Novice: 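This is the structure I want to talk about, given as structure tokens.
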Amino acid sequence: MGLTRNRRKREPEIVIARDTDSESSASEEEEEDDYPLSESEKEDEAVKIELEKSKAKGKAPITVKLKKVCKVCKQPGHEAGFKGATYIDCPMKPCFLCKMPGHTTMSCSHRVVTDHGILPTSHRNTKNPIDFVFMRQLQPRIPPIKPPYVIPDQVHCAVIRYHSRRVTCLEFHPTRNNILLSGDKKGQIGVWDFAKVYEKSVYGDIHSVQVNNMRFSPTNDDMVYSASSDGKVGYTDLETGTSSTLLNLNPNGWQGPTTWNMLYGLDINSDKGLVLAADNFGLLHMIDHRSNNVTGEPILIHKKGSKVVGLDCNPVHPELLLSCGNDHFARIWDMRKLQPGESLNDLAHKRVVNSAYFSPSSGTKILTTSQDNRIRVWDSIFGDLDSPSREIVHSHDFNRHLTPFKAEWDPKDASESLIVVGRYISENYNGAALHPIDFIDSSNGQLVAEVMDPNITTITPVNKLHPRDDVLASGSSRSLFIWRPEEKREMVEEKEKEKEKKIVICYGDSNKKGKKQKRGSDDEDEDDDMFSSKGKNIKAKAKTTKSTRKTKA
DNA sequence: ATTCCATGATGCC
DNA sequence: TGGCATCCCTGGAA
């Protein structure tokens, strides 16, 4: 099953890693006293320390006072932040996962706990009654059955720092299986042939700021539409790199933030021959796909002045359009009567809706990702849409440095239940704080697999499943990763057994260090942070109170 | 090696 | 409505 397999030894496979930093002794286990204290116990301890100190040196009140103050709430008596690879919530704040007050993430019943002995030490040796709740509520959540899906859970190849800014969107080529398109915060669009790993190109002059969505032309595989925060819809020939602007909402340039138009949502209704793009003022724009000219007037489909971040055309019913945005709604529209306030349904959310997708084959279900840390599924667009059929609590908070998370359907899953979504919150995996990519069975909310690699310590908000192959592409910060199932990878490797049996890591051009494209794994000494020693043999540096989760050499 | 800072969207008041 | 506090990141600079 995915859970176990993910974590099975992969050491021999990843050749890029350097030797490790920490041989710092096996006496690290002292981690224990950091931690399994209840809040009151912690306070007691703090008080004790204070007392002792003030007794010891008759006067030293200032330093003593600074001793234990929470960085988050500034209150004494507890501390929040990373202890090694485990993050301690501030108990004064609502749970970072489910957002409910009264408990912390550690004791949240929605928290997914890893099994197989990789439980954070905190949950052994505790007398805290909360742990009983843990065992009771969470143990049954760990799926006992092998999923019928083949989860791509092993890094097959990667481009490290391919982009010079973070990746914002990914798209697989509709017919060429090994071509991955990626957009970034700078406005660049990359084309990567991940079968030939080193074949990649970046188009930098299509957009001036971040690319929010890309779609291939339904009639010409080489042509790509892109929506950007520069207010333009670009139309680019991937072969030649020549690009034209089909829509420019800022013809007069920068006139201040209140007038600057940005385009977010983008989709193509091939049935009606329309390219649809939505902006940050709540408006929907349409471009005739054949003439590539703007058609009709912009239509207000979300709250005036609010961002429409997502558009999705129904795969079966061409008259249905789904939109979502910052007004906390996902809305279903009839293309035949697109008028303000005339939506067929408004799906309410508690926070901003990052994405809303029809299910890939029948188009009857809807999957949404909201910034209230919940993934929602509506089972039938023909049924009751007043409330979702399911809400899955999942950590995918908004953060300024991250591309917003979007849960995505697996287009290959005929049952239309498997989804993939990156996880914000980190978990302590053998001493490393990692942010897995979650595969969730949306029919029951169970975690099917948590995919991670000890070398990938950054958060991976952008994920895309291949339309035909068991391949996952993910964008983490500036790097791209291709994942395959373990078995699959072995097959591939066997096939080309003459070639190195190693994961190929390729370096992008965007950073100085990586300029030289490394072939294979010959000179492993000079890899950069991303695939350096962090992952392996990590030991929690319990001694160093300063140590953050980034324990570099 | 470590700390700091910028950055931006959001939600609350 | 506008100002302001907030944020379990990330990258780069100090």
Side-chain angles (χ1 to χ4, degrees), chain A residues 21-22 24 70-74 78-99 104-106 108 111 120 160-168 184-186 209-210 212 229 257-258 260 262 264 280-281 303-309 325-328 349-354 370-373 394-405 422-429 432-436 456-462 475-479 508 510-514 528-530 532-534 541 544-553:
Chain A
D21 46 346
S22 59
S24 22
C70 173
K71 270 180 251 168
V72 178
C73 69
K74 314 281 198 290
H78 65 274
E79 285 177 295
F82 277 102
K83 276 259 160 70
T86 307
Y87 190 89
I88 313 297
D89 274 3
C90 170
M92 300 298 145
K93 310 280 285 186
C95 170
F96 192 73
L97 213 201
C98 73
K99 307 299 180 194
T104 61
T105 309
M106 273 302 183
C108 179
R111 176 163 167 265
I160 307 300
R161 296 191 181 174
Y162 179 16
H163 287 274
S164 56
R165 291 289 181 274
R166 67 165 197 251
V167 174
T168 52
D184 73 16
K185 182 116 199 313
K186 207 179 176 186
V209 283
Q210 78 192 63
N212 291 307
S229 292
T258 51
W260 184 255
M262 301 185 264
Y264 284 84
N280 58 327
F281 291 113
K303 185 178 168 189
K304 194 179 173 192
S306 76
K307 218 162 65 176
V308 183
V309 292
N326 282 22
D327 62 356
H328 300 192
H349 294 70
K350 293 202 189 70
R351 288 285 185 271
V352 169
V353 188
N354 288 346
S370 171
Q371 285 178 17
D372 65 357
N373 263 3
H394 180 265
S395 171
H396 49 251
D397 287 55
F398 170 84
N399 185 292
R400 60 190 153 186
H401 299 290
L402 299 174
T403 305
F405 291 82
R423 198 193 301 172
Y424 186 128
I425 204 164
S426 65
E427 200 73 56
N428 184 344
Y429 297 97
L434 301 180
H435 312 262
I456 304 171
T457 54
T458 46
I459 296 169
T460 308
V462 192
S476 190
S477 187
R478 294 149 57 181
S479 303
S510 53
N511 89 44
K512 335 149 204 151
K513 256 200 276 179
D528 69 8
D529 304 312
M530 186 71 84
S532 64
S533 56
K534 266 181 274 177
K541 300 191 174 172
T544 355
T545 42
K546 285 184 224 161
S547 86
T548 63
R549 69 206 189 94
K550 291 201 174 183
T551 45
K552 292 188 194 177

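The sequence lines fix the lettering, A, B, ..., with proteins before strands; numbering per chain opens at 1. Everything quoted here is computed from the prediction, not taken from an experiment.
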Novice: Side chains of A:Y424 and A:L402, heavy atoms from C-beta outward: is any pair under 4.5 Å?
Specialist: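 Heavy-atom side-chain distance check passes, below 4.5 Å.
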Novice: Strictly under 4.0 angstrom, non-hydrogen atoms only: write out the protein contact profile of nucleotides 6-13 of chain B, one letter per nucleotide from the 5' end, B, S or -.
Specialist: BBBSSSS-
Novice: Roughly how many Å is it from CD1 in A:I425 to P in C:dC9, rounded to a whole number?
Specialist: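 Distance, rounded to whole Å: 11 Å.
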Novice: I need the CD1-P distance between A:I459 and C:dG11, as an integer number of Å.
Specialist: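 In whole Å, C:dG11 P lies 10 Å from A:I459 CD1.
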Novice: Whole-Å distance between C:dT10 P and A:H435 NE2?
Specialist: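 Checked: the NE2 to P distance equals 6 Å.
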Novice: What is the distance from CZ of A:R161 to C1' of C:dG12, rounded to the nearest Å?
Specialist: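 The answer, rounded to whole Å, is 10 Å.
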Novice: Rounded to whole Å, how long is the line connecting atom NZ of A:K186 with atom P of C:dG11?
Specialist: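 Distance, rounded to whole Å: 14 Å.
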Novice: Would a 4.5 Å heavy-atom cut-off, applied to side chains only, mark A:V308 and A:Y264 as touching?
Specialist: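 No - every pair of side-chain heavy atoms lies 4.5 Å or more apart.
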Novice: Would the base of C:dC7 count as contacting A:D397 through its side chain, where contact means a donor and an acceptor less than 3.5 Å apart?
Specialist: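 Between C:dC7 and A:D397, which were checked side chain against base, a qualifying N/O pair under 3.5 Å is absent.
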Novice: Would you say the side chains of A:S229 and A:N212 form a donor-acceptor pair under 3.5 Å?
Specialist: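 There is such a pair between these side chains.
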Novice: Salt-bridged, A:D397 to A:R351, with N to O below 4.0 Å?
Specialist: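 Judged by the 4.0 Å cut-off on N to carboxylate O distance, A:D397 and A:R351 do not form a salt bridge.
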Novice: Please measure how far the P atom in B:dT7 lies from the corresponding atom in C:dA14, and state the result in whole Å.
Specialist: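 Going atom to atom, P in each nucleotide, I get 14 Å.
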Novice: Starting at atom CG of A:N373, determine the distance to atom C1' of C:dC8, rounded to an integer number of angstrom.
Specialist: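 Taking atom C1' of C:dC8 as the reference, CG of A:N373 is at 12 Å.
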Novice: Would you say that A:F405 contacts A:F398 through its side chain, given a criterion of any heavy-atom pair below 4.5 Å between the two side chains?
Specialist: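 No, their side chains stay 4.5 Å or more apart.
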Novice: According to a strict under-4.0 Å criterion, is A:K93 in side-chain N/O contact with OP1 or OP2 of C:dC8?
Specialist: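 The answer is no; no side-chain N or O of A:K93 sits under 4.0 Å from OP1 or OP2.
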Novice: Nearest whole angstrom, please: distance from the C1' of C:dC8 to the CZ of A:R111.
Specialist: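 Interatomic distance, CZ of A:R111 to C1' of C:dC8: 13 Å.
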Novice: Is there, by distance only and without an angle test, a donor paired with an acceptor across the side chain of A:S395 and the base of C:dC8 below 3.5 Å?
Specialist: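 No, no donor-acceptor pair under 3.5 Å.
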Novice: Could you check whether any side-chain N or O of A:S395 sits under 3.5 Å from a backbone N or O of A:I425, counting only pairs where one atom can act as donor and the other as acceptor?
Specialist: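 Yes; at least one donor-acceptor contact below 3.5 Å.
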Novice: Check the distance between C:dG11's P and A:R478's CZ and give it to me in whole angstrom.
Specialist: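 Interatomic distance, CZ of A:R478 to P of C:dG11: 6 Å.
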Novice: Tell me, please, which residues at least two apart from A:D372 pass side-chain hydrogen bond (donor to acceptor under 3.5 Å, both in side chains).
Specialist: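 A:D372 satisfies side-chain hydrogen bond (donor to acceptor under 3.5 Å, both in side chains) with A:S370, A:R376 once adjacent residues are dropped.
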